[in-house]
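Here's the structure we're looking at; comments come further down.
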Protein chains: 2
Amino acid sequence: MALEHAILVSLDERAGTGYELARRFDRSIGFFWAATHQQIYRTLKRMVDLGWVTCHEEAGTGRPDRKVYEPADAGRAELTRWLAEPGEPETIRHELAVKVRGASLGDVAAVVAEVARHRGLHAERLDAYRALGARDFPDPSGLTGRRLHQHLVLRGGVRAEQALVEWCDEVLAALREDTRR
Amino acid sequence: MALEHAILVSLDERAGTGYELARRFDRSIGFFWAATHQQIYRTLKRMVDLGWVTCHEEAGTGRPDRKVYEPADAGRAELTRWLAEPGEPETIRHELAVKVRGASLGDVAAVVAEVARHRGLHAERLDAYRALGARDFPDPSGLTGRRLHQHLVLRGGVRAEQALVEWCDEVLAALREDTRR
DNA sequence: AGATTCATGTAAAAGGTTACATGATTTC
DNA sequence: GAAATCATGTAACCTTTTACATGAATCT
């Protein structure tokens, strides 16, 4: 139940519409918390009911009215409460690992191909994160406060993707070696 | 929608009851695919309807009848099909990263404490995986086939937990340094 | 005697995905 | 003129989580 909280963090960085939030969830914040626009619209509505955000409509010139959301005091209080609350470590759902574990029951070569494909996707993400880091944080050593926090999260993404690329490489080497015998 | 497939992989390693599967999902297979007993019971029912598993009841001496499940040919065919099918890389839901990113909006010290707690949990898991590896795969270099695949998945768990421990350490060092100023 | 394990399930609520629907504005 | 972008939403469906419920067997 942290979509609300991810939205509050994002809105605190800058107020915006549901549509804009959905785009942010496709990029920065979405790298570690995914959400679709339908989820976001529904959640924003609930958050207005809870008094966590305020919404002021800007009558559109023809387009649907823009509904710009901003965090309210109750929302900031809720965030503060949640930040201090202990949470569970993430529940992992690693589909590719299930495939590797089941490889001997199907076509091992097909699983090798799938691992190779994922290796490529993770390497791409790793590059994207590194490019983002180089662009937005050219001198990471001097960061403080919010900018430091943003950078640390990006570092987490880099580490996660790096670990995945290395694991894929280990799997590929081992499975290819095993096939050769 | 891979719970069915994770169950098929597990049942292929050994037939068992829903209850036994739930216990396996608390251990080995659950390290990379979590599931509760309710999910498993419901999914097993659906899988019987689909003809993917067969179920024979053993009348219990007093206890509820044991329903032992085994993969059927249609289930093995489905697994083979699924193994070759391309899948998406995992959608990440990293609650702790949201907290780090939002740290400046609440009590940074509380977030530091939470990161330290997670650091401990991930270090524990890492130890558990390493112990499992040492016990079940004392000589990893000579593995082939299914045993190799199982070992590779465990290696993925080790790498993931290692990356998380290191990230937590980086975050802790940076946040403590920042607080000191 | 009390706790834990084995073994099954129902039901409600919450959360997430997919498909459909609309319509103006801006860019190619 | 077509495609993409901005901007909102409804509805149906599927999946997941949480709480409740039962009861024998075994272990401490």
Side-chain angles (χ1 to χ4, degrees), chain A residues 1-7 11 14-27 29-30 32-50 52-53 55-69 82 87-95 98, chain B residues 1-7 10-11 14-27 30 32-50 53 55-69 87-95 98:
Chain A
M1 221 230 264
L3 177 55
E4 285 88 340
H5 304 104
I7 287 176
L11 285 183
R14 181 192 303 258
T17 68
Y19 186 86
E20 281 167 0
L21 279 168
R23 286 223 333 277
R24 293 184 211 169
F25 273 80
D26 284 339
R27 301 157 192 241
I29 200 132
F32 47 94
W33 199 275
T36 61
H37 72 118
Q38 292 84 348
Q39 263 186 86
I40 289 166
Y41 283 126
R42 219 170 347 100
T43 303
L44 281 171
K45 210 170 273 176
R46 202 183 331 139
M47 289 169 80
V48 170
D49 293 344
L50 287 165
W52 293 2
V53 293
C55 169
H56 54 102
E57 293 190 37
E58 291 174 7
T61 54
R63 332 173 186 68
D65 298 347
R66 268 168 64 89
K67 296 187 183 174
V68 180
Y69 294 89
W82 176 76
E88 295 269 303
E90 304 317 306
T91 310
I92 303 153
R93 288 281 158 99
H94 203 335
E95 192 171 301
V98 178
Chain B
M1 223 234 262
L3 177 55
E4 287 86 340
H5 304 103
I7 287 174
S10 189
L11 285 181
R14 180 192 302 258
T17 67
Y19 186 86
E20 281 166 0
L21 279 169
R23 285 221 336 275
R24 292 184 213 171
F25 273 80
D26 283 339
R27 301 156 193 241
F32 46 93
W33 198 275
T36 61
H37 71 117
Q38 292 85 349
Q39 266 186 84
I40 291 166
Y41 284 127
R42 217 176 343 101
T43 304
L44 281 170
K45 210 170 273 176
R46 200 183 333 139
M47 289 170 79
V48 170
D49 293 343
L50 288 165
V53 294
C55 169
H56 54 102
E57 293 191 36
E58 292 175 5
T61 54
R63 330 173 188 71
D65 297 349
R66 268 168 64 90
K67 296 188 183 173
V68 180
Y69 293 90
E88 294 270 303
E90 303 318 308
T91 309
I92 302 152
R93 288 279 159 99
H94 203 336
E95 193 171 298
V98 178

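Per chain, numbering begins at 1; letters A, B, ... match sequence-line order.
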Exercise for the section: Could you say whether B:Glu20 or B:Thr91 is positioned toward the 5' end of DNA chain C, judged by the nucleotide with the nearest heavy atom to each? Expected result: B:Glu20
Exercise for the section: Could you check A:Glu4 against A:Arg46 for salt bridge (charged side-chain N to carboxylate O under 4.0 Å, His left out), going step by step and ending with a plain yes or no? Expected result: CA-CA 9 Å; A:Glu4 285 88 340; A:Arg46 202 183 331 139; 2.6 Å; yes
Whole angstrom value for the distance that separates [atom2] of [N] from [atom1] of [X]:
X       : N      : atom1 : atom2 : answer
B:Leu21 : C:dT5  : CG    : C1'   : 17 Å
A:Arg24 : D:dA7  : CZ    : C1'   : 15 Å
A:Leu44 : C:dG16 : CG    : P     : 14 Å
B:Asp26 : C:dT5  : CG    : C1'   : 13 Å
A:Tyr19 : D:dC6  : OH    : P     : 4 Å
A:Glu4  : C:dA14 : CD    : C1'   : 11 Å
B:His56 : C:dA7  : NE2   : P     : 13 Å
A:Ile40 : C:dG15 : CD1   : P     : 15 Å

Handout entry: Nearest-nucleotide pick for B:Thr17, side chain only, options being D:dT17, C:dA7, D:dC6
Key = C:dA7
Problem - Nucleotide nearest A:Arg93 when distance is taken to its side chain, options D:dT8, D:dC6, D:dT17 - result: D:dT17
Handout entry: B:Arg23 side-chain N/O to C:dC6 phosphate OP1/OP2 under 4.0 Å
Key = yes
Practice task
Only counting residues at least two apart or in another chain, list the ones meeting side-chain contact (heavy atoms from CB on, under 4.5 Å) with B:Val68.
Solution key: B:Ala15, B:Thr17, B:His56, B:Glu58, B:Arg66
Problem - Under the side-chain contact (heavy atoms from CB on, under 4.5 Å) test, residues paired with B:Ala35 that sit two or more places apart - result: B:Leu3, B:Phe25, B:Gln39, B:Ile40
Exercise for the section: Please examine the side chains of B:Arg24 and B:Arg14, heavy atoms only from C-beta on, and report whether any two atoms are closer than 4.5 Å. Expected result: yes
Exercise for the section: For residues B:Tyr19 and B:Arg23, determine if any side-chain heavy atom of one lies less than 4.5 Å from a side-chain heavy atom of the other. Expected result: yes
Problem - Point-to-point distance, once rounded to the nearest 0.5 Å, from CD1 of B:Ile92 to CD1 of A:Ile92 - result: 12.0 Å
Protein N or O to nucleotides 9-12 of chain C N or O, pairs below 3.5 Å:
unit_1, atom_1, unit_2, atom_2, d
C:dG9, OP1, B:Lys67, NZ, 2.3

Practice task
Examine distances only and state if a side-chain atom of A:Arg93 and a backbone atom of B:Phe32 form a donor-acceptor pair shorter than 3.5 Å.
Solution key: no
